[in-house]
Protein chains: 2
Amino acid sequence: MFSKACEYGIKASIFIALNSLEHRRVGPKEISKEINSPEAFTAKILQALVRNNIINSIKGAHGGFEIDKKDIKTIMLADIVNAIDGDNIYKGCGLGLQQCNADKPCPMHEKFKLVRAELKNLLESTDLESLALDIKLGESFLKN
Amino acid sequence: MFSKACEYGIKASIFIALNSLEHRRVGPKEISKEINSPEAFTAKILQALVRNNIINSIKGAHGGFEIDKKDIKTIMLADIVNAIDGDNIYKGCGLGLQQCNADKPCPMHEKFKLVRAELKNLLESTDLESLALDIKLGESFLKN
DNA sequence: AACAAAGAGGACAATTTTGTCCGAATTAAA
DNA sequence: TTTAATTCGGACAAAATTGTCCTCTTTGTT
Ligand code: FES
Ligand code: FES
């Protein structure tokens, strides 16, 4: 469904949000440990999230990654997916036609667009804060 | 969403079904032309579909690929996806946890399982015949 | 029997994705 | 001002996916 990079990006963002709610900065080492991902690769993805203004980085000693507290509830999963995997999952044809076009649809178009719309709605309506709070309450987990 | 191999496999199966309804066998050359896919790679995927008993192949002169007419309405998209991409899209965790487990769910679990169920339903309830007939009626297309 | 027209299968190549490493730049603290 | 902790960026490596090519086998036709 999502690329590995995107999965790591989402989980990392949630973990950073969780910590930012408690004014803690975290680095790639701690993040990759908590989300069970390769450290160096995760660091690359964090860089991409920084470039896309989803998370902030503070360089130097006592640095790390954080998210402005006020932004945590306005950052949606869709923002992260878009930054890493692009918008193909929202807009692309399920059978890989060059463009999904209702005027010249692929055989799956009518049914597929419903699934795609539901996925889009999920991603656009889910914010980082609610996901972080679920973790905090022990109702969900970032690794198993 | 699906791998390229799976996209080609679905489109090829629909095209073969369409022709089998009219008692025509088709080969990789014609198939790849009609679904706009690389010929040799498509041939590989066709082999896999044969091994999975989704399509039949007839070797030798006047050979080609076909689907038993009586099977066309009972072969579901899910069968093809399963044969090529496996069942991860139905059963796997959206955030890549080793297993989707409601007792130790990832943060997306509750919402994601709904999308996944809808996708599963789509694939399990859509048969090759209906897709082939749509093409025949000019209501959908295998390339653009 | 010989030939031609197919699919089967294995080896290989290109591309993309995933992952690693290391040096440079930045910053706080001693 | 030195040092240590940290992110940044580029080069590199490994693995998976996508794609190509060539030979073998099978089978209908002559
Ligand atoms: S054309 Fe394929 S999903 Fe719309
Ligand atoms: S645990 Fe992630 S989708 Fe179920």
Side-chain angles (χ1 to χ4, degrees), chain A residues 1-13 15-16 19-20 24-33 35-67 81 83-86 88-89 92 95-96, chain B residues 1-13 15-16 19-20 24-33 35-67 81 83-86 88-89 92 95-96:
Chain A
M1 181 71 76
F2 306 116
S3 67
K4 281 290 167 196
C6 194
E7 290 176 2
Y8 298 153
I10 292 171
K11 289 189 276 195
S13 297
F15 183 68
I16 295 166
N19 281 278
S20 290
R24 286 186 71 238
R25 281 178 198 151
V26 286
K29 179 168 304 200
E30 187 180 358
I31 294 171
S32 60
K33 192 176 172 190
I35 71 175
N36 194 31
S37 67
E39 182 179 331
F41 188 43
T42 305
K44 275 281 145 62
I45 297 158
L46 293 170
Q47 284 181 43
L49 291 173
V50 170
R51 278 194 297 273
N52 282 274
N53 300 307
I54 292 172
I55 64 179
N56 301 121
S57 71
I58 288 84
K59 292 184 198 171
H62 292 259
F65 297 92
E66 62 181 24
I67 304 177
V81 172
I84 301 178
D85 278 356
N88 199 265
I89 202 157
L95 287 185
Chain B
M1 182 71 76
F2 305 116
S3 68
K4 282 289 167 195
C6 194
E7 289 175 3
Y8 298 153
I10 293 171
K11 288 189 277 194
S13 298
F15 182 67
I16 295 167
N19 282 277
S20 291
R24 286 186 69 238
R25 282 181 196 147
V26 286
K29 180 168 303 199
E30 187 180 357
I31 294 171
S32 58
K33 191 175 172 189
I35 72 176
N36 194 31
S37 67
E39 182 180 331
F41 188 44
T42 304
K44 275 282 144 60
I45 297 158
L46 292 170
Q47 285 182 42
L49 292 173
V50 170
R51 278 193 297 272
N52 281 275
N53 300 308
I54 292 171
I55 64 179
N56 301 121
S57 71
I58 288 84
K59 292 184 198 172
H62 293 259
F65 297 92
E66 63 182 21
I67 304 178
V81 172
I84 301 178
D85 278 355
N88 199 265
I89 202 158
L95 287 186

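Proteins get letters first, then strands, A, B, ... in listed order; numbering begins at 1 in each. Side chains included, hydrogens not; waters and symmetry mates left out as well; all remaining heavy atoms used.
Nearest heavy atoms, A:Ala12 versus A:Leu46: CB-CD2, 4.0 Å. Taking every heavy atom of both residues into account, B:Gly9 and B:Ile45 meet most closely at CA-CG2, 3.8 Å.
In this structure, of C:dA8, D:dG19, C:dT20, it is D:dG19 that holds the atom nearest to the side chain of B:Lys4. Closest to the B:Val50 side chain, of the nucleotides D:dT7, C:dT20, C:dA8, is C:dA8.
B:Leu46 has its CG atom 13 Å from the C1' atom of C:dA6, to the nearest Å. Here D:dG19 presents its C1' atom at 17 Å from CD1 of B:Ile31, a figure rounded to the nearest Å. In this structure, A:Ile55 atom CD1 and D:dT6 atom P are separated by 16 Å, rounded to whole Å. In this entry the distance linking CG of A:Leu49 with C1' of D:dT7 reads 14 Å, nearest Å. Separating the CG atom of A:Asn88 from the C1' atom of C:dT17 is a distance of 15 Å, rounded to the nearest angstrom. One interatomic measurement links the two molecules: CD of B:Glu66 to P of C:dA6, which rounds to 14 Å at whole-angstrom precision. To the nearest angstrom, P of D:dT17 lies 13 Å from CD1 of B:Ile84. At whole-Å resolution of the value, CZ in A:Phe65 and P in D:dA5 are 17 Å apart.
One cannot find a donor-acceptor pair under 3.5 Å joining the base of D:dG19 and the side-chain atoms of B:Glu39.
At the phosphate of C:dG9, OP1 or OP2 sits under 4.0 Å from a side-chain N or O atom of B:Gln47. Between B:Ser57 and C:dA8 there is a side-chain N or O to OP1 or OP2 distance below 4.0 Å. Between B:Tyr8 and the phosphate of D:dG19, there is a side-chain N or O to OP1/OP2 separation shorter than 4.0 Å. Remark: B:Arg51 is not in phosphate contact with C:dA8, judged by side-chain N or O atoms under 4.0 Å from OP1 or OP2.
Nearer the 5' end of DNA chain C, as judged by each residue's closest nucleotide, is the contact made by B:Val26, out of B:Val26 and A:Cys6.
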Please evaluate residues B:Ser37 and B:Ser32 with respect to the criterion side-chain hydrogen bond (donor to acceptor under 3.5 Å, both in side chains), reporting the C-alpha separation (whole Å), side-chain torsions for both, the decisive distance (0.1 Å), and the verdict.
CA-CA 5 Å; B:Ser37 67; B:Ser32 58; 5.0 Å; no
Before giving the answer on salt bridge (Lys or Arg N to Asp or Glu O under 4.0 Å), spell out for B:Glu30 and B:Arg24 the whole-Å C-alpha distance, their side-chain angles and the decisive distance to 0.1 Å.
CA-CA 12 Å; B:Glu30 187 180 357; B:Arg24 286 186 69 238; 3.3 Å; yes
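Salt-bridge annotation for B:Glu39 and B:Lys44: absent, with no side-chain N of the basic residue lying under 4.0 Å from a carboxylate O of the acidic one. In summary, B:Lys4 and B:Glu7 engage in a salt bridge, as defined by a charged side-chain N under 4.0 Å from a carboxylate O.
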Reading nucleotides 21-30 of chain D from the 5' end, what letters show protein touch, with B for base, S for backbone sugar-phosphate only, - for no heavy atom under 4.0 Å?
B----BBS--
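Residue contacts shown for B:Arg25 are absent, as no nucleic acid heavy atom lies under 4.0 Å away.
Each of B:Leu49, B:Val50, B:Asn56 was compared with B:Phe65 under the side-chain contact (heavy atoms from CB on, under 4.5 Å) criterion, and only B:Val50 meets it.
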